[in-house]
Amino acid sequence: EFQLQQIAAIGKAIKNSPWLTWQANPSNNSQYFIADGSGKIYLLDNRQSQQKALLELTQALPQAKDIRLTAFALHPNFSIRDQQGYATFYTAHTEIFEPDHKAVRIKSKIQKSGFQYEAVITEWQLNSSSAPSLDHEKKREILRIPVNNKEDSIEQLAFDPYQKPWSDDFGLLYIALKGNDNLSQTPLYSGTLLRINPAKFGMRSYSIPASNPFLQNNNIPNEIYLLGLQKVKQLLWSKQDNHALFIKHLYNKQYLLSMGQGGNDWRQTQPQKIIAQFSQDSIYEAPFVIYQGRSYKGLIDKALFLSLKDQALKLNSINLNSNAETIINNEGVIKNNALNKKANFSLHQDKNGELLFSDNNTGTLYYLESALAIGPEQALPENENPQPEPGQTGSYVLLFVIAAGVMAIILFQNRDRIQNKITRSTLHKRFARFEYDEESQSVHLFKRHQEEIDNTLRLADIIQSEILLNGHSVSIIS
């Protein structure tokens, strides 16, 4: 059984929004970005009541007509100052197609006319990642994709959250474009996953990664990474399974959770690695998350989703490593009498991978908690308190004194080794790079992603040095 602990509420500002997502601000534990389908993005701080939109697309893009916001993503360097991508986010929206509008468009090499709408990706920048306001002068359009109708939208913008800054794939933007049933054999409109580097490259608004799989195929746009997904719904990554990419999509009138990789073409043959398949039921429409937190060890690397049936709201899981028939496990019922039992709930994760629950009927965000995570191993009935038996109190005190004495002796005997370990641990946690300066006879210490020296340690101040091999000391120089 799970309980809900309220974190924040946006209230009536976006109550009953047609499309709603919550995303934790990586720069501030108490802040969440909220986006709704009308084109408004809010920054909600649970320490203050503020309902003014950070961005309103209809005002920021006054020339666009019939705007609908469909996707929102933060750059992976959003919280890292002085790095490309700092305080930067991306939106995808649909608007009426204007053929005379000069723009960078990804065009199908087969379907060249008959478009009513187009999907547009825009880059936005804030003046700060933790107490931000929008810098309108830094707005930059990345690309456009003409589509037949506004339902053929970009369903998700995402960055692989587990790529490291030194990886070639870090900072690449994945674009999930929903397929059109009448154009299922046309590469761009078959349900595609596109991949680009959204950073400006010379005069170009974006660049195409050299590792994209269809660069040598003249019939497929170079931006495409995977195609034939049909109605793509969601992209997910696993931290445990070598950054595996999972795709939730509606394929041949069934919901599939498939494992995909660059170069896959599922127009003629179905995915080879299907993790789970479901009937075309509305309960599987809700977003999935792959749990990567620490509170529930039994849920790590499982796909989780919510279901509402017979007025019971449940948390369900799917094992991503299972090759057997799809098994949906019921992980518990979510208890809260204040919830309106209309099916408009979503599951999210905070910056640490812990579970968040949003009630989109009221615009309220909660932590999802259970006794398994909070830790009361023995839950007592109400109004029942354990009473110690006679003589137990004295025994506990004696045991505590003995244990404290033994601990003190151990700490005293190993004080030098413990101090050395603490010092090493502190340096490695605080600094990412060390440079020796022969001229000044000192060691410069650098923090992560910084080129400026954070601190300097003179060699004369070093009283001991140690050489470690696989974590074991092999030489100590005093």
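If you read the sequence from its start, that first residue is 1, and numbering goes on from there. The structure displayed is predicted, hence computed values, not measured ones.
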- Over 12 foreign heavy atoms within 6.0 Å of CD, Gln261: no
- Item | Criterion side chain to side chain donor-acceptor pair (under 3.5 Å) on Gln116 and Asn148, from CA distance to verdict | CA-CA 5 Å; Gln116 302 298 318; Asn148 279 21; over 6 Å; no
- When the ring centroid of Tyr174 is compared with that of Trp237, is the distance short of 6.0 Å? yes
- Message: When you compare the side chain of Leu368 with that of Leu4, does any pair of heavy atoms fall below 4.5 Å?
- Response: yes
- Message: Is it the case that the ring center of His75 lies less than 6.0 angstrom away from the ring center of Phe159?
- Response: yes
- Message: So does Ala176 get a backbone contact from the side chain of Gln156, meaning a donor-acceptor N/O pair under 3.5 Å?
- Response: no
- Ile34 side, atom CD1; Leu43 side, atom CG - distance, nearest 0.5 Å: 8.0 Å
- Just checking, any donor-acceptor pair under 3.5 angstrom between side chains of Asn212 and Glu223? no
- Query: Roughly how far, to the nearest 0.5 Å, is CD1 of Ile145 from CZ of Phe115?
  - Reply: 10.5 Å
- Atom NZ of Lys351: over 12 foreign heavy atoms under 6.0 Å: yes
- Any Leu143 side-chain heavy atom under 4.5 Å of Tyr206 side chain: yes
- Task: Could you tell me whether Asp281 atom CG has more than 12 heavy atoms of other residues or ligands within 6.0 Å of it?
- Result: yes
- Message: Measuring only between side-chain heavy atoms, which start at C-beta, is Ile142 closer than 4.5 Å to Val104?
- Response: no
- Would you please say whether a donor-acceptor pair under 3.5 Å links the side chains of Tyr291 and Gln349? no
- Output yes when a side-chain donor or acceptor of Ser370 lies under 3.5 Å from a complementary backbone atom of Phe2, and no otherwise. no
- Query: Does any non-hydrogen side-chain atom of Leu227 lie less than 4.5 Å from one of Arg267?
  - Reply: yes
- Message: Donor-acceptor check, side chain of Ser190 to backbone of Pro187, threshold 3.5 angstrom: yes or no?
- Response: yes
- Message: Could you work out, with side chain to side chain donor-acceptor pair (under 3.5 Å) as the rule, every residue matching Ser167, not counting sequence neighbours?
- Response: Gln163
- Counting distance only, does the side-chain N/O of Asn28 pair as donor-acceptor with the main-chain N or O of Ser30 below 3.5 Å? yes
- Could you give me the CA-CA distance, side-chain angles and deciding distance for Asn127 and Asp135, then say whether side chain to side chain donor-acceptor pair (under 3.5 Å) is met? CA-CA 6 Å; Asn127 54 22; Asp135 189 339; over 6 Å; no
- Item | Partner of Ile41 under side-chain contact (heavy atoms from CB on, under 4.5 Å), chosen from Asp36, Leu57, Leu55 | Leu55
- side chain to side chain contact (heavy atoms under 4.5 Å, CB included) between Leu44 and Gln31, intermediate numbers included: CA-CA 5 Å; Leu44 181 65; Gln31 291 181 342; over 6 Å; no
- What salt bridge (Lys or Arg N to Asp or Glu O under 4.0 Å) pairs are there with at least one residue in residues 116-127, not counting sequence neighbours? Arg105-Glu118, Glu118-Arg144, Glu123-Arg140
- Message: Tell me the closest heavy-atom pair linking Ala199 and Gln84, and the distance in Å.
- Response: CB-NE2, 2.7 Å
- Task: May I ask you to decide if Asn252's main-chain N or O and Gln230's side chain share a donor-acceptor pair within less than 3.5 Å?
- Result: yes
- Message: So does Tyr86 get a backbone contact from the side chain of Thr88, meaning a donor-acceptor N/O pair under 3.5 Å?
- Response: yes
- Message: Using 0.5 Å steps for rounding, measure from the OG1 atom of Thr70 to the CD atom of Glu151.
- Response: 11.5 Å
- Message: Under 4.0 Å between a side-chain nitrogen and a carboxylate oxygen: does that hold for Lys233 and Glu285?
- Response: yes
- Item | Side chain proximity check, Leu74 to Pro26, heavy atoms < 4.5 angstrom | yes
- Grab the two heavy atoms, one from Lys40 and one from Ala53, that are nearest each other, plus how far apart they are. CB-CB, 4.3 Å
- Note on the structure: Looking only at heavy atoms, the pair that brings His93 and Leu69 closest together is CB-CA, 4.0 Å
- Query: Given Gln234, which of Lys248, Glu155, His249 fulfils the side-chain contact (heavy atoms from CB on, under 4.5 Å) condition?
  - Reply: Lys248
- Kindly assign one of parallel, tilted or perpendicular to the pair Tyr366 and Phe357, based on the angle between their ring planes and the thresholds 30° and 60°. tilted
- Message: Quick one, Leu304 and Leu299 - any side-chain contact, counting heavy atoms below 4.5 Å?
- Response: yes
- Query: Do the charged groups of Asp66 and Lys150 touch, with an N to O distance under 4.0 Å?
  - Reply: yes
- Task: Evaluate side chain to side chain contact (heavy atoms under 4.5 Å, CB included) for Leu356 paired with Leu365, printing each intermediate quantity in order.
- Result: CA-CA 7 Å; Leu356 301 176; Leu365 186 68; 4.1 Å; yes
- Query: Taking it one step at a time, do Leu347 and Phe288 satisfy side chain to side chain contact (heavy atoms under 4.5 Å, CB included)?
  - Reply: CA-CA 7 Å; Leu347 202 58; Phe288 286 22; over 6 Å; no
- Taking atom types as modelled and ignoring hydrogens, do the side chains of Ser307 and Asn316 form a donor-acceptor contact shorter than 3.5 angstrom? yes
- Could you check if a side-chain atom of Pro271 sits within less than 4.5 angstrom of a side-chain atom of Tyr251, using non-hydrogen atoms only? yes
- Under 3.5 Å: donor-acceptor pair, side chain of Thr94, backbone of Ala119: no
- Task: Could you tell me whether the side chain of Thr122 and the main chain of Thr91 form a donor-acceptor pair under 3.5 Å?
- Result: no
- Message: Looking only at side-chain N and O atoms, does Gln83 offer a donor or acceptor that is under 3.5 Å from a partner on Asn77?
- Response: no
- Working to the nearest 0.5 Å, report the span between CG of Asn222 and CG of Asn217. 9.0 Å
- Query: How about Gln185: does its CD atom have over 12 heavy atoms from other parts shown lying under 6.0 Å from it?
  - Reply: yes
- Item | Beyond-backbone contact of Leu177 with Val232, side-chain heavy atoms, under 4.5 angstrom | no
- How many angstroms lie between NZ in Lys253 and CD in Gln280, if you round to the nearest 0.5 Å? 7.5 Å
- Note on the structure: Interatomic distance, CG@Leu306 vs CZ@Phe345, rounded to 0.5 Å, equals 8.5 Å
- Message: Does Ile224 form a side chain to side chain contact (heavy atoms under 4.5 Å, CB included) with Leu193? I'd like the steps, not just the answer.
- Response: CA-CA 6 Å; Ile224 291 181; Leu193 178 57; over 6 Å; no
- Evaluate the ring pair (Phe, Tyr, Trp, His ring centres under 6.0 Å) criterion for residues Phe72 and Phe89: first the C-alpha distance (whole Å), next the side-chain angles of each, then the deciding distance (0.1 Å), finally the verdict. CA-CA 7 Å; Phe72 166 79; Phe89 67 91; 5.5 Å; yes
- Message: Whether the side chain of Ser79 engages the backbone of Ser27 through a donor-acceptor N/O pair (distance < 3.5 Å, no angle test) should be reported.
- Response: no
- Task: Kindly state each residue pair satisfying salt bridge (Lys or Arg N to Asp or Glu O under 4.0 Å) with at least one member in residues 192-212, sequence neighbours excluded.
- Result: Asp169-Arg195
- Is the number of heavy atoms from other residues, nucleotides or ligands under 6.0 Å of Glu141 CD greater than 12? yes
- Applying ring pair (Phe, Tyr, Trp, His ring centres under 6.0 Å), run through Phe97 and Tyr117 and close with a yes or a no. CA-CA 4 Å; Phe97 179 65; Tyr117 285 81; 9.7 Å; no
